[in-house]
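Single-structure report; data block below.
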Amino acid sequence: MYLLLLVSVLSAAPPAKPAEPAKPAEPSKTSTPAGATQFLKARTGNQAIAQIFAPGISGLSAEDKRVAWYMTLAAHAGEDIAYDQLGWKLVDAKRLLEGVYLFGQEGAGGPGLFDKRLTAYLTRFYGQMGNHDQITGQKFVPEFTAGELEAAAVRAFRAGAPFSVKDELALHTWVSGLKPTLFDASFEPSLTSKSPPPGQDLLTASSNTAYGPGVTLKDLEHFQEKNPLNSRVVKEDGKLVEQVFRAGDGKKIPPGLYAEPLSRVNAALTEAMKSANPKQKPVLAKLIHYFETGNPKDWEAYNIAWLKVDAVVDGNLGFIETYVDARGQKGQWEALINYRNAAENKIMELLAQRAQYFEDRLPWPDVYKRKKVALPVAKAVDLVATNPNPPAGINLPNEQNIREKYGSTSILVANVMDAASALRRLPLALEFSRTPDERAQAEKYSVTARKWLVAFHEVLGHASGQVDKKKLGKNPPEFYLKEYDNTLEEARADLVALWHAFDPALVELSPEALKIAQQMYRDFLVEGLTDLSRVEKGDEIEEDHQRGHHMTVNFLMEKGAVKQVTQDGRAYWVVEDYDKMREAVGELLTRLMVIKATGDYEGIRELVTQKGIKFDPKLRDEVAQRVKAADVPSVLFINASRLVPVVDAEGQVTDLKVDPAQGFIEQNLERSVLGKLSPAEATKTAARLASSPDALKEAFKMLGRTAPAAAAPATKPAPAKRGALKKAGAAH
């Protein structure tokens, strides 16, 4: 990887000329480049399972391997929390589907169609962590019938599936209660509704569980949340109550929501702490303490400590990103475990070292520039434990006050980017290149351009700028910007990357920096155009990243920097003039920074509603057909390399083996088992599962049957009473 040696720089970008006109490119039958097959695990229709690899595990120290293993177990232990946050009955639905898959298939004696459809649906259910598309928010339903599922559930129960029911009558009642969740597309149709239908608001139209039944936006107008990130707001006896996510400490602090899984998370983190180096130990201790108390001050203390330690093996665990909450307040459970990728790390480190240089050259007024940028931690990593839809880049913490005072950590997820570039981004860049010359440029520069954009987005984007504390007072920008905050922030970070792309300093990063910057601009337009194919129904965008992207492209079109061109019956978004586009990027970037700094809700609402939501469905349909014809998957689900612990006679982990051969469904089933066990039992079970493919069914049976499940109503459940011990789902 190139080094960034910023010896001498200018204050303005060199002129960037548009590409010379050329003959139209011939449409390709397939855009998948050579070498992509190593990442392709499986393919069904428009979705693909992408395999990521972890070659650096073997080079870790014995201590770091143990840290990686036990942090991975912590990730598994909290997984059902994420499912529970995404739907009121998703944990039960997950338990039912898993039991049927393992114990209730028709097998060779049946018609075979149900088994095929069950596999397809469970793959998508795992991939989306529920029954809503995480990009569009739209619900999807299985192709098999409710009757077929119920018959399969009976087969599974008779075969020993550990459902939480005492007999077949109770089983039928339980399965019947799940039918609206699984089969009715009009029941809880939208995961996060930021454009609610008439008669509903952002909360009542959303099916996630951030707010209890009957809680409306109006109810929250004068309600002050003490734990805005890690709580659920419900109504109890007509009054609003915050149910805090915490394990409790067994002494003064009682257990709260998700106490049981968080206790298992802490048990695994405690084991990881035993092998962590002296600098990392207190960081993990602070995270454990936060999961006990749920106190926002303890979360802040953990983040400040985390920023000061650049660990080889690390993770992002907790209630972090707020995209799923329509208000942009409630954090969703996240667990991404990683180790440093030294080969890709140099660019990130050197960008961080020159963070002040890039901050000084941003286009917005000096009053909103940070005068003393704290040296951020920036690194490239490979993930070893992840959800199926991980980010390509990360910048944390999200809290503005911590960023300004202590800096941030920026992460480029190398193994995820490699897989995504090979299977989707590069093929689309090639397919949607308008001319042979642009196609050749994409082939040569697109992968590097993507890595630069992500690096700039994370290191220089999210971490940039400062707010007007006189106008905002003690509240962060999201307090004022509400449901539009995430959209603004993602668009702002992208625009920072686009602005810096033509900085003359980057010629030291690569002698072909100008061509890479031009490719970054073209790829940004390709991404915006092809993202339309993800919204299969309607003419509105819901997801924050896509709204920000669409808003930016429409702004650039209004300024005449970007134009939609139809050539041979196919639409393209093209750069009219690179200098003009960079000028427009700077204009919108400045506008967004001022809106953020001053908490201008009306300003961002106007931008997003006018430019970021609506699109032409005819254009979407055309793009979707071209993506399909090019045989490029629209959806990627990530399959991590399986970690297999090597255990000695005393049960101690002495080594980690890496197995990339495990299937996607099998990996998720194994995680379901390991997440319900103590660290010691999970370690033994993992070693046993790796040695015997048939051990998975036995592992599920060993978890046993829990108390009988009550019949589930076809509505949101009544909230638990204050202080009640709420599980993320009954054990398998």
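For this chain, numbers begin at 1 and follow the sequence in order. What you see below is based on every heavy atom in this structure, not just the backbone, and it leaves out hydrogens, waters and symmetry mates. Remember, it's a predicted structure, so these values are computed and weren't measured experimentally.
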Are the ring centres of Phe187 and Trp88 closer than 6.0 Å? no

Is Asn401 close to Pro476 at the side-chain level, that is, under 4.5 Å between some pair of heavy atoms? no

Does a side-chain heavy-atom distance below 4.5 Å link Phe555 with Arg591? yes

Using side-chain heavy atoms (C-beta onward) and a distance below 4.5 Å, is Val413 in contact with Asn338? no

Apply side chain to side chain contact (heavy atoms under 4.5 Å, CB included) to residues Asn208 and Leu191 and explain how you reach the verdict. CA-CA 6 Å; Asn208 67 73; Leu191 176 64; 4.0 Å; yes

Rounded distance (nearest 0.5 Å) linking atom CZ of Phe456 with atom NE2 of His500: 8.0 Å

Under the 3.5 angstrom rule, does the side chain of Lys226 hit a backbone N or O of Pro296 as a donor-acceptor pair? no

Out of Lys596, Glu478, Lys405, which residue meets the side chain to side chain donor-acceptor pair (under 3.5 Å) rule with Gln400? Lys596

Donor + acceptor pair across side chains of Asn395, Arg403 (<3.5 Å): yes

Measuring only between side-chain heavy atoms, which start at C-beta, is Glu490 closer than 4.5 Å to His462? yes

Please list all pairs meeting salt bridge (Lys or Arg N to Asp or Glu O under 4.0 Å) that have one or both residues in residues 279-293, counting only residues at least two apart or in different chains. none

From Lys469 atom NZ to Asn475 atom CG, the distance as rounded to the nearest 0.5 Å: 12.5 Å

What do the steps show when you test Arg264 against Glu260 for salt bridge (Lys or Arg N to Asp or Glu O under 4.0 Å), and what is the final call? CA-CA 7 Å; Arg264 292 196 298 271; Glu260 184 180 311; 3.0 Å; yes

Heavy-atom donor-acceptor pair, Glu242 side chain to Asn227 backbone, under 3.5 Å: yes

Could you walk me through whether Glu225 and Lys330 pass the salt bridge (Lys or Arg N to Asp or Glu O under 4.0 Å) test, one step at a time? CA-CA 11 Å; Glu225 295 161 271; Lys330 303 301 180 189; 2.4 Å; yes

Backbone N or O of Gln128 within a donor-acceptor pair of the Gln134 side chain at under 3.5 Å? yes

Can you spot which of Thr136, Ile613, Val535 makes a side-chain contact (heavy atoms from CB on, under 4.5 Å) with Glu540? Ile613

What residues form a side chain to side chain donor-acceptor pair (under 3.5 Å) with Glu483, not counting sequence neighbours? Tyr601

Does Gln224, at its CD atom, have more than 12 non-hydrogen atoms belonging to other residues, nucleotides or ligands within less than 6.0 Å? no

What one should report as the nearest heavy-atom pair of Ser408 and Pro397 is CA-CD, 4.3 Å

Report yes or no: does Gln466 contribute a side-chain atom to a donor-acceptor pair with the main-chain N or O of Lys369 at less than 3.5 Å? yes

Let me know which of Ser206, Ser190, Ser207 forms a side chain to side chain donor-acceptor pair (under 3.5 Å) with His132. Ser207

Looking at Arg340 and Lys379, would you say the former's side chain and the latter's main chain have a donor-acceptor pair under 3.5 Å? no

How far apart are the C-alpha atoms of Glu602 and Arg605, what are their side-chain angles, what is the distance that settles it, and do they pass the salt bridge (Lys or Arg N to Asp or Glu O under 4.0 Å) test? CA-CA 5 Å; Glu602 286 302 320; Arg605 187 191 66 80; 3.0 Å; yes

Under 3.5 Å, is there a donor-acceptor pair between the Asp314 and Trp306 side chains? yes

If I take atom CD from residue Glu542 and atom CD from residue Gln138, how far apart are they, to the nearest 0.5 angstrom? 8.5 Å

Going through the checks in order, is the salt bridge (Lys or Arg N to Asp or Glu O under 4.0 Å) test met by Asp531 and Arg534? CA-CA 5 Å; Asp531 270 352; Arg534 290 294 307 272; over 6 Å; no

Lys482 vs Leu202, side chain to side chain contact (heavy atoms under 4.5 Å, CB included): CA-CA, chis, key distance, verdict: CA-CA 11 Å; Lys482 302 176 183 178; Leu202 301 179; over 6 Å; no

The side-chain contact (heavy atoms from CB on, under 4.5 Å) partner of Leu592 among Val496, Leu488, Thr552 is Leu488

Roughly how far, to the nearest 0.5 Å, is the OG1 atom of Thr216 from the CG atom of Asp201? 5.5 Å

I'd like to know whether Glu334 forms a side chain to side chain donor-acceptor pair (under 3.5 Å) with Asn387, so could you lay out the CA-CA distance, the side-chain angles of the two residues, the decisive distance to 0.1 Å, and finally the verdict. CA-CA 8 Å; Glu334 180 178 301; Asn387 62 62; 5.9 Å; no

Is the His549-Phe524 ring centre distance short of 6.0 angstrom? yes

Between Trp452 (side chain) and Met520 (backbone), is there a donor-acceptor pair under 3.5 Å? no

Against Gln332, only a single residue in Leu229, Leu86, Ile81 fulfils side-chain contact (heavy atoms from CB on, under 4.5 Å); can you say which? Leu86

Run the numbers on Asn316 and Ile411 for side chain to side chain contact (heavy atoms under 4.5 Å, CB included), then give the verdict. CA-CA 11 Å; Asn316 305 113; Ile411 299 170; 4.0 Å; yes

How long is the span from the CD atom in Glu399 to the CD1 atom in Ile304, to the nearest 0.5 Å? 10.0 Å

Using a cut-off of 6.0 Å, state whether more than 12 heavy atoms not belonging to Lys251 lie near its atom NZ. no

Hey, does the side chain of Asp360 reach the backbone of Tyr357 with a donor-acceptor pair shorter than 3.5 angstrom? no

Within 6.0 angstrom of Gln200 CD, more than 12 heavy atoms from elsewhere: yes

With distance as the sole test, does His550 use its side chain to make a donor-acceptor pair with the main-chain N or O of Lys614 at under 3.5 Å? yes

Ignoring hydrogens and geometry beyond distance, is a side-chain donor-acceptor pair present between Asn486 and Thr322 at under 3.5 Å? yes

May I ask you to decide if Trp499's main-chain N or O and Arg582's side chain share a donor-acceptor pair within less than 3.5 Å? yes

Whether Arg547 side chain and Ile541 backbone form a donor-acceptor pair below 3.5 Å: yes

May I have all residue pairs that pass ring-ring contact (aromatic ring centres under 6.0 Å, His included) and include part of residues 222-250, sequence neighbours excluded? Phe245-Tyr258, Phe245-Phe319

Could you tell me whether the side chain of Leu351 reaches within less than 4.5 Å of the side chain of Phe358, counting heavy atoms only? yes

Could you label the plane-to-plane angle of the Tyr290 and Trp299 rings as parallel, tilted or perpendicular, counting under 30° as parallel and over 60° as perpendicular? tilted

What verdict does the side chain to side chain contact (heavy atoms under 4.5 Å, CB included) test give for Tyr323 and His545, after you've listed the backbone C-alpha separation in whole Å, the side-chain angles of each residue and the deciding distance to 0.1 Å? CA-CA 9 Å; Tyr323 303 116; His545 295 78; 3.4 Å; yes

Say you draw a straight line from NE2 of His289 to CD1 of Ile253; how long is it, rounded to the nearest 0.5 Å? 6.0 Å

What I'd like to find out is whether the side chain of Asn131 reaches to under 4.5 Å of the side chain of Thr181, using heavy atoms alone. yes

